[in-house]
Amino acid sequence: MATAPILPEVVGVIAARLRIRLPEELWIADVSRANPQATFRLLSGIRAGTTAVELGEVTTDDPAAAGDAIATHPSVTAYEELERTADRVLAKYETTDTDLYEFVVESGLPIEYPVTAENGWYEFDLTGSRAEFDRFRAAIEDADRQYELLSLVHSTDPAGLLTERQRDVLTAALRAGYFELPRDCTLADLAAALDIDKSTASRVLRRGQTRIVKWFLTTAASQSPERR
């Protein structure tokens, strides 16, 4: 399917957030529809042959039930609960559903964790060049997947790619010496100073760093002598 460019050809990076309907056959589609009030977050994942090993969390009023729904799903071959509170469960599991990873390979543009799933839909952020984003959108449309573009920001300035929270956390990390070698503060120290949990601090840092690095590499590549 031919796809018209979204933006004119200019140097810079696109930061987008998309919402895509989960394929009916995926385990997370089943579990999220069966638990419509729960929020499922894929924090990280890696494909290992015919399966994928993932780290995920669920926030819900009944974390035990949500965890059991994941653990007993036929597509989940192994499940280990790592932590549970009154409204959250964190677990590592292995699944035979690898469609997400295959789709990422086909589209050529990696998604940024966490991937959030709610009631049969998942949301995620993408950062890349205009051409990369156009290819990703074409892959979605060729796969005939229902999707919504929630936000799209184009910028030639890295500061424009960061949310206010990402900027605040990155600034605090820089001032505290988190990026020094050796580090002057740990992730736990940074999270405590910001009054957020470690997983949130790590997630915000990773997203912010990813966006800045992609902006830098894309801009540098576009300005190299070979591309002029």
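Here the structure is a predicted model, which means the values were calculated and not measured.
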Does a donor on one side chain sit under 3.5 Å from an acceptor on the other, for [X] and [Y]?
{"X": "Asp197", "Y": "Ser199", "answer": "yes"}
{"X": "Glu141", "Y": "Tyr147", "answer": "yes"}
{"X": "Thr186", "Y": "Asp189", "answer": "yes"}

Review point. Are any side-chain N or O atoms of Asp68 and backbone N or O atoms of Ala65, one a donor and one an acceptor, separated by less than 3.5 Å?
Key: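 No; judged by distance alone, with no hydrogens or angles, the pair does not exist.
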
Any donor-acceptor pair under 3.5 Å from Arg47 side chain to Gly49 backbone: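 Yes; at least one donor-acceptor contact below 3.5 Å.
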
Discussion item. For a quick test of reading the model, state the closest non-hydrogen atom pair linking Ala64 to Arg84 and the distance between them.
Written reply: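 Closest approach of Ala64 to Arg84, heavy atoms only: CB-NH1, 3.5 Å.
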
Exercise: identify the closest heavy-atom pair between Gln166 and Val204 =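 Looking at all heavy atoms of both residues, the shortest contact is CA-CG1, 3.6 Å.
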
With a sphere of 6.0 Å drawn around CD of Glu164, does it hold more than 12 non-hydrogen atoms of other residues, nucleotides or ligands?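 No, because the 6.0 Å sphere around CD of Glu164 holds 12 heavy atoms or fewer from other groups.
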
**Asked** Within a reach of under 6.0 Å around CG of Asp99, are more than 12 heavy atoms found that belong to other residues, nucleotides or ligands?
**Response**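 Yes - once you tally the heavy atoms of other residues, nucleotides and ligands closer than 6.0 Å, there are more than 12.
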
**Request:** Begin with the C-alpha distance, continue with both residues' side-chain angles, and end with the deciding distance and a verdict on salt bridge (Lys or Arg N to Asp or Glu O under 4.0 Å) for Glu118 and Arg41.
**Result:** CA-CA 9 Å; Glu118 291 183 325; Arg41 293 185 182 89; over 6 Å; no

query: Could you walk me through whether Tyr122 and Thr116 pass the side-chain contact (heavy atoms from CB on, under 4.5 Å) check?
result: CA-CA 5 Å; Tyr122 64 94; Thr116 301; over 6 Å; no

Quiz item: Taking the six-membered ring for Trp, is the centroid-to-centroid distance between Trp27 and Tyr93 below 6.0 Å?
Solution: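 Yes, ring centres under 6.0 Å apart.
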
Can you hop from Phe124 to Ile28 via hydrophobic side chains spaced under 4.5 Å?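 Yes, same cluster.
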
*Are Glu81 and Lys92 ion-paired here, with the side-chain N under 4.0 Å from a carboxylate O?*
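Between Lys92 and Glu81 there is no salt bridge, as every charged N stays at least 4.0 Å from the carboxylate O atoms.
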
